[in-house]
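Just so we're clear, the structure is a prediction, and the values are computed from it rather than from any experiment. Each residue takes its place number in the sequence, starting with 1.
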Amino acid sequence: MLRALKTFFKNKMVSNEPKPSSEAYDLWSDSYDVQPGNLMLDLDEIIFTALLQKVELKDKVIADIGCGTGRHWPKLYAKSPAILRGYDVSEGMLKKLKSKFPAAITSQITDNKLLDTATSSLDCIISTLTIAHIKDLEETIAAWARVLKPGGDIILTDFHPDALVKGGKRTFRHEDKQMSVINFVHSLHIIKDVCKKHGLEVIEQEERYVDDTVRSYYENQDAMHVYNQFKGMAIIYGLHLKKQHVTE
């Protein structure tokens with residue numbers, strides 16, 4: 001996907017102002033699952049799969065926050081959870097998920113507080129390629145910590161803030177127009193500090209870089225100038241967090 005690679009790494013001008021995630025993903029929902037050769041989705045798959053292997057989900061209650069079309073749901077269902085529930089701001093993405101998994105339990109998010117989710121009711125929270133769409137990180141992490149059981153797990157992945165700081169954009173094509181999605185930059189240091197404040201301990205951290213392991217993506221898209229410009233830069237990260245047990 002040459003257009004996506006060039007746009008993400010070159011801060012290419014887009015045809016309009018960045019759209020809020022709810023509006024953007026409604027537009028993107030019809031084509032989101034058809035993105036062969038998308039570097040970020042492929043790296044997310046690698047990182048998420050590696051982190052997921054360390055988490056026991058059999059008979060557990062899972063929330064996928066920013067679930068989109070349910071890209072990771074086959075892997076989650078394969079681990080035999082008791083309940084898997086999807087949360088997303090985009091009605092279009094949730095409709096696409098329901099078309100793939102008709103029995104899916106879903107909720108459209110209107111704020112960060114998860115007020116319809118009971119305290120200490122979840123065993124695991126999944127959130128992939130989502131956190132940079134959330135402006136109020138503190139409110140969001142506080143809500144996640146509230147609904148997660150002590151000892152519960154969070155698997156989090158997203159575009160690396162270092163790339164976003166340098167002008168990276170999340171973009172897509174819709175009706176022959178190039179669209180971008182609003183992102184908010186939360187440094188990894190800030191994310192981990194906020195998580196720690198709310199009793200969430202980092203168990204494992206993963207990062208991937210523009211290096212020889214992804215060189216073929218750029219070669220296949222005739223984008224070696226982009227590769228050479230950004231070689232060595234982190235472009236995606238993943239975190240496994242665990243909610244600490246309260247001690248007297």
For [X] and [Y], which heavy atoms make the closest approach, and how far apart are they?
X	Y	answer
Ile155	Phe48	CG2-CD1, 3.7 Å
Cys67	Trp73	CB-NE1, 4.1 Å
His133	Tyr25	NE2-OH, 2.8 Å
Val210	Tyr227	CG1-CD1, 3.7 Å
Leu114	Asp111	N-OD1, 3.8 Å
Ala118	Ser121	O-OG, 2.6 Å

Taking the side chain as every heavy atom from C-beta outward, state whether [X] and [Y] have any pair of such atoms under 4.5 Å apart.
X	Y	result
Leu129	Phe159	yes
Leu76	Leu52	yes
Ser120	Pro150	yes

Just by distance, do the side chain of [X] and the backbone of [Y] share a donor-acceptor pair under 3.5 Å?
X	Y	value
Arg71	Tyr32	no
Gln108	Val89	yes
Asp123	Val61	yes
Lys169	Ser180	no
Arg170	Ala132	no

*In terms of heavy-atom contacts, does NZ of Lys100 have more than 12 from other residues, nucleotides or ligands at under 6.0 Å?*
yes
*Let me see the working for Lys58 and Glu56 under salt bridge (Lys or Arg N to Asp or Glu O under 4.0 Å), right down to the final yes or no.*
CA-CA 6 Å; Lys58 183 175 174 58; Glu56 176 57 58; over 6 Å; no
_Which label fits Trp28 and Phe172: parallel for a plane angle under 30°, tilted from 30 to 60°, or perpendicular past 60°?_
parallel
*asked:* Determine whether Asp136 and Lys113 satisfy the following criterion, salt bridge (Lys or Arg N to Asp or Glu O under 4.0 Å), listing intermediate values before the conclusion.
replied: CA-CA 10 Å; Asp136 195 330; Lys113 298 179 180 179; over 6 Å; no
*asked:* If only side-chain N and O atoms count, and only distance matters, is there a donor-acceptor pair under 3.5 Å linking Glu138 with His198?
replied: yes
*Is Met224 reachable from Leu39 through a run of hydrophobic residues whose side-chain heavy atoms are each under 4.5 Å from the next?*
yes
*Can Val214 be reached from Tyr237 by stepping across I, L, V, M, F, W or Y side chains whose heavy atoms are under 4.5 Å apart?*
no
Less than 4.0 angstrom from a charged side-chain N to a carboxylate O is my criterion; do [X] and [Y] meet it?
X	Y	answer
Asp88	Lys96	no
Asp26	Lys19	no
Glu219	Arg215	yes

*For a salt bridge (Lys or Arg N to Asp or Glu O under 4.0 Å) with Asp153, tell me which candidate from Lys60, Lys54, Lys79, Lys242 qualifies.*
Lys242
*Please say which of Glu91, Lys98, Met93 ends up in a side-chain contact (heavy atoms from CB on, under 4.5 Å) with Lys95.*
Glu91
When rounded to the nearest 0.5 angstrom, what is the spacing between [atom1] in [X] and [atom2] in [Y]?
X	Y	atom1	atom2	result
Ile191	Thr140	CD1	OG1	11.0 Å
Leu51	Ile203	CG	CD1	11.5 Å
Arg146	Thr117	CZ	OG1	7.0 Å
Asp162	Met233	CG	CE	8.0 Å
Glu204	Ile47	CD	CD1	10.5 Å
Thr106	Tyr87	OG1	OH	10.0 Å

*Sort out for me which residue in Thr128, Asp44, Thr130 forms a side chain to side chain donor-acceptor pair (under 3.5 Å) with Thr157.*
Asp44
